[in-house]
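Structure first, then comments.
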Amino acid sequence: MKNSISQNLLNWYLTNSRDLPWRQTTDPYPIWLSEIILQQTRVLQGLPYYYKFIEAFPTVDALAKADENEVLILWQGLGYYSRARNLLACAKTVAFTFHGVFPNHYNSLVKLPGIGKYTAAAIASFAFNEKVPAIDGNVIRVISRIIGIESRPYSPESNQLVQQISHQWIGQVSPARYNQAIMEFGALQCVPKNPNCNVCPIASFCYAFQNKKVHLIPAPKLKVKIKTRFFYYFLIQSNDSILIEQRQNNDIWKNLFQLPLHESSTDLPTELVLQELVNLIHTEDWLFEEISLPIKHLLTHQQLITRFVRIRLSHLPQKGNWLIVDKNELTQYAFPNLVRDYLRSKNFIEPK
DNA sequence: AATGCGGGGAT
DNA sequence: ATCCCAGCATT
């Protein structure tokens with residue numbers, strides 16, 4: 001006998017699903033690519049990136065031959081850049097170790113870089129119809145509300161229950177369809193805030209709706225404390241060339257490029273900022289042009305307060321990992337949004 | 001089990 | 001402002 005809730009979800013999906021490019025195929029390459037792009041990312045935000053990647057790299061073998069900066073340039077602006085680095089690492093493994101053929105089981109997929117439990121289940125079910133539930137934020141919300149899981153999402157109790165229910169519901173229907181349907185249901189109908197339960201086909205089975213707890217389930221995540229960092233970037237120009245450097249530590253924007261930076265944990269007066277500039281370039285022979293107002297850049301877990309200092313000097317010093325690049329070559333480097341937007345505002349990079 | 005990692009859209 | 005998104009890797 002078919003479980004009525006999963007059957008309702010599939011029926012709902014039939015008439016409410018979006019037409020998305022990676023849903024028209026069982027080829028694991030576009031499915032994998034879309035899943036990596038969509039980790040912690042809304043479909044509408046990821047869609048243009050998906051098209052860019054498919055066009056630049058039509059196959060996993062083509063992607064495997066790219067160099068990392070090339071991939072980061074296409075990824076620039078999407079965030080969580082370890083996804084891009086792992087995307088390339090995974091492509092290389094598939095292309096060179098598995099001769100261009102994706103593993104076709106969950107247990108093999110989950111070992112690849114950048115592929116965790118959710119993504120392995122998504123690929124295994126969408127491409128190979130393996131019966132493994134893909135459990136993402138949407139699924140946790142939908143199941144929590146229907147069943148009435150009031151413990152915090154991702155807690156052991158919540159995980160245990162969601163797993164159990166998922167296996168039950170995926171049992172009698174097409175695994176690929178079921179996973180698509182419940183996620184789409186969470187993304188479009190059972191949304192986090194103010195879902196329209198009046199048109200919900202499952203409301204009569206829903207614990208949260210029946211008990212007027214839709215706004216209480218799932219329980220809110222714990223808040224993380226936001227750290228503040230002060231960045232002072234130096235646009236150091238000589239003729240049409242400027243200095244850039246690659247970020248290398250285990251920190252935000254790893255492997256992306258930026259301008260020479262001084263970082264501080266406190267706000268600094270302009271004199272001190274200029275003193276730090278002198279410490280960096282070891283010369284007093286420069287022409288101050290301007291210092292920008294502080295620009296606030298919000299990340300999930302920290303806020304950056306950034307000022308850009310623009311100077312000119314007669315010739316650019318070489319130091320550490322600094323690169324001297326012509327302004328016409330800047331498109332060959334991947335920058336964080338913050339830096340790219342500033343370079344754009346100064347016409348070093350063409351407007352979008 | 002907790003933490004770090006981006007950027008943007010919806011409310 | 002606040003929440004959270006087709007999560008993963010590291011500690």
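These numbers come from a predicted model, not from an experiment. Per chain, numbering begins at 1; letters A, B, ... match sequence-line order.
- Distance, A:I135 CD1 to C:dG7 C1': 13 Å, rounded to whole Å.
- For the P atom pair drawn from C:dA6 and B:dA10, the interatomic distance equals 12 Å after rounding to whole Å.
- Contacts of A:P113 with the nucleic acid, taken as non-hydrogen atoms under 4.0 Å apart, involve only primed sugar atoms and P, OP1 or OP2.
- Within a 6.0 Å sphere centred on CG of A:L287, other residues, nucleotides and ligands contribute more than 12 heavy atoms.
- The shortest distance between the side-chain N/O atoms of A:K227 and the OP1/OP2 oxygens of B:dG4 is below 4.0 Å.
- Nucleic acid contact for A:K221: sugar-phosphate only, since backbone atoms but no base atoms lie under 4.0 Å from a heavy atom of the residue.
- In the set B:dG6, C:dA6, C:dC3, the nucleotide with an atom closest to the side chain of A:K193 is C:dC3.
- Between atom OG1 of residue A:T306 and atom NZ of residue A:K296 there is a gap of 11.5 Å, rounded to the nearest 0.5 Å.
- Taking the nucleotide of DNA chain C with the nearest heavy atom to each of A:P192 and A:N250, the more 5' of the two is matched to A:P192.
- Checked by distance alone, A:T300 brings a side-chain donor or acceptor within 3.5 Å of a matching partner on the base of B:dG6.
- Atom P of nucleotide C:dC8 and atom NZ of A:K117 are separated by 9 Å, given to the nearest angstrom.
- The side chain of A:H301 contributes an N or O atom lying less than 4.0 Å from OP1 or OP2 of B:dC5.
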Practice prompt. Kindly indicate, with the supporting measurements, whether the criterion side chain to side chain contact (heavy atoms under 4.5 Å, CB included) is fulfilled by A:V173 and A:L9.
Written response: CA-CA 11 Å; A:V173 291; A:L9 287 171; over 6 Å; no

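- Between the CG atom of A:N255 and the C1' atom of B:dG6 there is a distance of 16 Å, given to the nearest Å.
- Nucleotides C:dA9 and B:dG8 place their C1' atoms 23 Å apart, quoted to the nearest Å.
- The phosphate of C:dC8 has OP1 or OP2 within less than 4.0 Å of a side-chain N or O from A:T119.
- An OP1 or OP2 oxygen of C:dC8 is reached within less than 4.0 angstrom by no side-chain nitrogen or oxygen of A:R85.
- Interface remark: the A:Q45 side chain does form a donor-acceptor pair with the B:dG7 base, using a distance-only criterion of under 3.5 Å.
- For A:L338 and B:dG7, the CG to P distance is 8 Å, given to the nearest whole Å.
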Validation: residues 307-318 of chain A side-chain donor-acceptor distances under 3.5 Å, sequence neighbours left out:
from	atom 1	to	atom 2	distance (Å)
A:R307	NH1	A:S292	O	3.1
A:R310	NE	A:E289	OE1	3.4
A:R310	NH2	A:Q237	OE1	2.8
A:R312	NE	A:E289	OE2	2.7

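- Here the nucleotide nearest the side chain of A:D251, chosen from B:dC5, C:dC5, C:dG7, is B:dC5.
- A sub-4.0 Å separation between OP1 or OP2 of B:dA2 and a side-chain N or O of A:K225 is absent.
- Across all strands, A:G186 comes closer than 4.0 Å to no nucleic acid atom at all (heavy-atom distances).
- Counting to the nearest Å, the C1' atom of B:dG6 and the CZ atom of A:R83 are 8 Å from each other.
- Comparing atom distances between the A:Y118 side chain and each of C:dA9, C:dC4, C:dG7 picks out C:dG7 as nearest.
- Nucleic acid contact for A:I115: sugar-phosphate only, since backbone atoms but no base atoms lie under 4.0 Å from a heavy atom of the residue.
- A salt bridge links A:E184 with A:R18: the distance from a Lys NZ or Arg NE/NH1/NH2 to an Asp or Glu carboxylate oxygen falls below 4.0 Å.
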Item to complete: Let me see the working for A:F185 and A:N8 under side chain to side chain contact (heavy atoms under 4.5 Å, CB included), right down to the final yes or no.
Response: CA-CA 10 Å; A:F185 184 77; A:N8 271 312; over 6 Å; no

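- Considering only the side chain of A:Q39, C:dC8 comes nearest among C:dC8, B:dG9, B:dT11.
- For A:N138, the side-chain atoms get nearest to C:dA6 when compared with the rest of C:dA6, C:dG7, B:dC5.
- Between the OH atom of A:Y81 and the C1' atom of C:dA9 there is a distance of 18 Å, rounded to whole Å.
- The ring-ring contact (aromatic ring centres under 6.0 Å, His included) test with A:W75 is passed by exactly one of A:Y50, A:W253, A:F53: A:F53.
- Taking the C1' atoms as reference points, C:dT10 lies 22 Å from B:dG7, given to the whole Å.
- Between B:dG7 and A:H297, a contact under 4.0 Å exists linking OP1 or OP2 to a side-chain N or O.
- Side-chain to base pairing of A:T41 with B:dG7: no donor and acceptor N or O lie closer than 3.5 Å to each other.
- When each of A:K223 and A:Q40 is assigned the nucleotide of DNA chain C bearing its nearest heavy atom, the one mapping closer to the 5' terminus is A:K223.
- Between A:W32 and C:dA6, a side-chain N or O to OP1/OP2 separation shorter than 4.0 Å is absent.
- In this model, the phosphate group of C:dC5 is not approached by any side-chain N or O of A:Y80 to a distance below 4.0 Å at OP1 or OP2.
- In this model, a side-chain donor or acceptor of A:R42 finds a partner on the base of C:dC4 within 3.5 Å.
- Computed from coordinates, the A:E184 CD to C:dA6 C1' distance equals 10 Å when rounded to whole Å.
- Rounded to an integer number of Å, the gap from CG of A:D341 to C1' of B:dG8 is 13 Å.
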